[in-house]
Amino acid sequence: MAKENVETLEKGNIYFFYRPKIDVGENISGVDDIQNFYFVLGPKAEKNARLMIIGKESLPGFSKNEKSWGFVKRSSTKKQISEELGSFSYETKTRGKRENPVARPCGEGVYQIVSHGDHTHLIYALELPEEPDKVQKALKIREEGNYIVSVKNPEKGQPANAGLSKDQKADFPKKLHGLFEDKRFVPVDPPDFLNYDHAEIMFIGIDKDVKKELGIELNPEKETENKADIFKDLNIDKQEHPAGPLFEGEWT
């Protein structure tokens, strides 16, 4: 049972992906070989989802309240999110046509966004892979994650390592924008902040057990390759998206 000052604001499924760099081919061996690290939040009973990009190509660690920046790449239908994770071609002046590789699924679980006093947490528990291995360890995807999350006021300047250009700002409606007052950061309450492209989020890793700190049990289910929600929920083609990272924790 959640503690007195704790309230669940949202719950659903969380899915992790990474996209290899263009010229790496099949020789992926670590974080240096990937260009983007993503996770998708799919709120329960909602048709839409949010695709988030995380800076540093990994989640923050927990030992010293490490921070990472992220932003909403796309808040849209699950079909459109799936298309964002596919491969695509583009033309360059010097090297001609280039092919961006498809994103690889590397984690599936359940999450909650939780209000805790004057701040909010994103918490999750993995369902796949059964045992985190090389990929998950490199990306700092633990079996259970606990992060304080804050949304940045788009009018308060751009951090150098956020991954967005100066003209990429979240267009929040007045109701949400008014919650900032003159603050640089506010809690992700309501989670509607995440429904806007380019919303910037700061994550701080918290080395505290979710149940002990918040009184919440996430209750992940035991998943198998045939039951995995990530493929049916996002309509991800197993033949197109190499699934070795998701089931074996191996780089592909």
Give me each pair satisfying salt bridge (Lys or Arg N to Asp or Glu O under 4.0 Å) with a member in residues 224-233, each pair once, sequence neighbours excluded. Lys78-Asp233, Asp229-Lys232
Verdict with reasoning, Trp69 to Ile201, per side-chain contact (heavy atoms from CB on, under 4.5 Å): CA-CA 6 Å; Trp69 279 97; Ile201 309 297; over 6 Å; no
Could you tabulate the donor-acceptor pairs under 3.5 Å formed by side-chain atoms of residues 245-252, not counting sequence neighbours?
{"from": "Glu250", "atom 1": "OE1", "to": "Lys134", "atom 2": "NZ", "distance (Å)": "3.4"}

Tyr38: which of Arg19, Glu84, Lys73 passes side-chain hydrogen bond (donor to acceptor under 3.5 Å, both in side chains): Arg19
Linking Ile, Leu, Val, Met, Phe, Trp and Tyr by side-chain heavy atoms under 4.5 Å, what else ends up with Val114? Val6, Val110, Ile123, Val210, Leu214, Ile216, Leu218
Apply side chain to side chain contact (heavy atoms under 4.5 Å, CB included) to Lys137 and list each qualifying residue two or more places apart in sequence or on a separate chain. none
Heavy atoms of other groups near Glu240 CD, more than 12 under 6.0 Å: yes
Among side-chain atoms of Gln112 and Thr8, is any donor-acceptor pair under 3.5 angstrom? yes
Examine the side chains of Gln35 and Asn100 and answer whether a donor and an acceptor come within less than 3.5 Å of each other. yes
For the residue pair Asn146 and Glu213, confirm or rule out a side-chain donor-acceptor distance under 3.5 Å. yes
Ignoring hydrogens and geometry, is there a side-chain-to-backbone donor-acceptor pair from Ser68 to Phe203 under 3.5 Å? no
In plain terms, say whether Arg142 and Glu144 are close enough for a salt bridge, that is, a side-chain N and a carboxylate O under 4.0 Å apart. no
Here the ring-ring contact (aromatic ring centres under 6.0 Å, His included) pairs for residues 110-139, sequence neighbours left out, are Phe16-Tyr124, His116-His119, His116-His121, His119-His121
Which is it for Lys67 and Met202 under the side-chain contact (heavy atoms from CB on, under 4.5 Å) test, yes or no, and what are the steps along the way? CA-CA 7 Å; Lys67 299 177 183 177; Met202 184 169 66; 3.9 Å; yes
Can you run down the side chain to side chain donor-acceptor pair (under 3.5 Å) pairs that involve residues 40-52, sequence neighbours left out, and say none if there aren't any? Glu10-Arg50, Arg50-Asn195
